[in-house]
Amino acid sequence: MTLTLLTGPAEEPVSLAEARAHLKLDATEEDALLTALLTAARATLEAETRRAFVTQSWRLTLDDWPPRPIELPLAPVAFVTAVTVASLSGAMLPLDPAFYEVDTGGEPARIAVKHGQAWPMPATRLAGIAIDFSAGYGAAADVPMPLRQAALMLAAHWFEHREPVGDGAKLPRTVSALVKPYRRLRL
């Protein structure tokens with residue numbers, strides 16, 4: 001199973017202006033660094049929570065169909081764009097959406113073949129199945145405030161502490177507390 005980002009977010013959940021105001025910065029010479037830190041903070045917190053904050057397009061690649069419904073590894077999933085299967089010619093052929101069911105209301109979002117149907121076998125042994133989907137809360141303004149605040153605080157923490165601090169494996173406590181309710185546990 002491989003997860004690949006197809007299209008990243010069009011914007012960050014925290015703007016440069018919000019970060020500059022939080023840090024009380026008037027000068028603009030460190031805007032490039034602060035912008036990079038905002039992106040890194042979002043990506044770090046998305047990995048920590050297994051969520052996409054602002055809408056993004058992803059591809060889940062599988063070798064074979066699992067016996068149970070397929071669980072999409074990110075949340076929240078807005079919709080499934082396509083399910084494709086490798087053909088003998090090597091082309092990826094799309095499946096008719098009427099052939100499968102998608103549940104985006106739960107976490108994790110799931111895809112299953114409809115009753116009375118069977119998934120078509122891919123012509124290749126490896127990476128013969130691709131599921132394209134859109135994940136995220138929507139625009140930056142739609143991201144829950146605790147996640148936006150956590151991204152802002154983590155970027156500010158890194159801005160103010162430019163040398164490695166601690167073992168590097170832990171988030172600052174306040175940031176960790178803000179994202180805790182949004183963490184998706186692995187079972």
Side-chain angles (χ1 to χ4, degrees), residues 1-13 36 38-144 146-148 150-151 154 168-169 171 176 179-187:
M1 175 170 77
T2 304
L3 188 62
T4 307
L5 178 66
L6 300 176
T7 307
E11 59 186 336
E12 293 299 333
L38 289 167
T39 300
R42 177 202 31 92
T44 298
L45 296 176
E46 285 178 335
E48 180 74 17
T49 61
R50 296 176 52 223
R51 294 181 177 280
F53 290 3
V54 177
T55 301
Q56 308 163 31
S57 297
W58 289 85
R59 174 171 292 150
L60 177 65
T61 306
L62 304 169
D63 296 333
D64 204 356
W65 300 107
R68 298 178 186 260
I70 300 162
E71 295 182 352
L72 298 177
L74 291 176
V77 172
F79 54 87
V80 171
T81 310
V83 177
T84 56
V85 180
S87 69
L88 289 173
S89 69
M92 296 297 282
L93 301 177
L95 296 181
D96 184 344
F99 185 76
Y100 55 88
E101 300 176 45
V102 179
D103 171 23
T104 59
E107 285 189 21
R110 300 172 300 151
I111 302 173
V113 67
K114 287 191 175 177
H115 286 292
Q117 302 285 345
W119 290 116
M121 293 307 296
T124 61
R125 188 164 182 204
L126 300 175
I129 302 162
I131 301 167
D132 294 353
F133 62 98
S134 177
Y137 290 100
D142 301 322
V143 177
L147 295 175
R148 293 181 68 223
L154 186 56
L171 294 172
S176 186
V179 300
K180 184 176 181 179
Y182 296 93
R183 282 192 176 104
R184 295 182 58 231
L185 303 176
R186 297 174 199 254
L187 300 176

Chemist: Treating D63 as the side-chain partner and A127 as the backbone partner, does any N or O pair qualify as donor plus acceptor under 3.5 Å?
Modeler: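 At least one qualifying donor-acceptor pair exists.
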Chemist: Could you tell me whether a side-chain N or O of R51 sits under 3.5 Å from a main-chain N or O of Y182, the two making a donor and an acceptor?
Modeler: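 Such a contact is found between R51 side chain and Y182 backbone.
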Chemist: Give a yes or no on whether the backbone of A139 and the side-chain of E11 come within a donor-acceptor separation of less than 3.5 Å.
Modeler: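 No; judged by distance alone, with no hydrogens or angles, the pair does not exist.
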Chemist: Report, one line per pair, each donor and acceptor closer than 3.5 Å where one atom sits in a side chain of residues 112-123; sequence neighbours left out.
Modeler:
unit_1: K114; atom_1: NZ; unit_2: A98; atom_2: O; d: 3.3

Chemist: Would you mind checking if R50 and E107 are paired as a salt bridge, meaning a charged N to carboxylate O distance below 4.0 Å?
Modeler: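 Salt bridge flag = no for R50 with E107.
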Chemist: Pick one: which of L6, V77, L74 meets side-chain contact (heavy atoms from CB on, under 4.5 Å) with W58?
Modeler: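 Only match with W58 under side-chain contact (heavy atoms from CB on, under 4.5 Å): L74.
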Chemist: Using only atom types and a distance under 3.5 Å, with no angle test, would you say the side chain of R110 pairs donor to acceptor with the backbone of E101?
Modeler: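 No, the answer is negative, given that no donor and acceptor are paired below the 3.5 Å cut-off.
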Chemist: At their closest point, which heavy atom of M92 faces which heavy atom of G128, and how far apart are they?
Modeler: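 Scanning both residues, the minimum pair turns out to be CE-O, 3.6 Å.
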Chemist: Taking all non-hydrogen atoms of both residues into account, name the closest pair between T104 and A78 and its distance.
Modeler: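 What the structure gives for the nearest pair is CG2-O, 4.0 Å.
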Chemist: Under the 3.5 angstrom rule, does the side chain of Q56 hit a backbone N or O of V54 as a donor-acceptor pair?
Modeler: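 Present.
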Chemist: How long is the span from the CG atom in L126 to the CG atom in D64, to the nearest 0.5 Å?
Modeler: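 Nearest 0.5 Å value for the CG-CG distance: 10.5 Å.
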Chemist: Quick one: are I131 and V83 in side-chain contact, heavy atoms under 4.5 Å?
Modeler: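 Yes - at least one pair of side-chain heavy atoms lies under 4.5 Å apart.
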Chemist: Working note: I70 + L60, criterion side-chain contact (heavy atoms from CB on, under 4.5 Å); need CA distance, chi angles, decisive distance, verdict.
Modeler: CA-CA 10 Å; I70 300 162; L60 177 65; 4.0 Å; yes
Chemist: Nearest heavy-atom pair of V179 and A150: which atoms, and what distance?
Modeler: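 Heavy-atom minimum between the residues: CG1-CB, 3.6 Å.
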Chemist: Compare all side-chain heavy atoms of F53 with those of P9 and state whether any distance is below 4.5 angstrom.
Modeler: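 In short, these two side chains do not touch, never coming nearer than 4.5 Å.
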Chemist: Where do L93 and V85 land on the side-chain contact (heavy atoms from CB on, under 4.5 Å) test, with the steps shown first?
Modeler: CA-CA 5 Å; L93 301 177; V85 180; 5.7 Å; no
Chemist: Quick check: closest heavy atoms across R148 and V143, and the distance to 0.1 Å?
Modeler: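 Reported closest heavy-atom pair: CD-O, 3.3 Å.
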Chemist: Which heavy atom of L5 sits nearest to which heavy atom of S57, and what is that distance?
Modeler: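 Closest approach of L5 to S57: CD1-O, 3.5 Å.
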Chemist: Where is the tightest heavy-atom contact between R183 and S176, given as atom of each residue plus distance?
Modeler: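 Here R183 and S176 meet closest at NH2-OG, 3.3 Å.
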Chemist: Scan side-chain atoms only and decide if R59 and T81 contain a donor-acceptor pair under the 3.5 Å cut-off.
Modeler: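 T81 and R59 do not have a side-chain donor-acceptor pair below 3.5 Å.
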Chemist: Determine whether L147 and L45 make a side-chain contact, defined as any pair of heavy atoms from C-beta on separated by less than 4.5 Å.
Modeler: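 Answer no - side chains too far apart.
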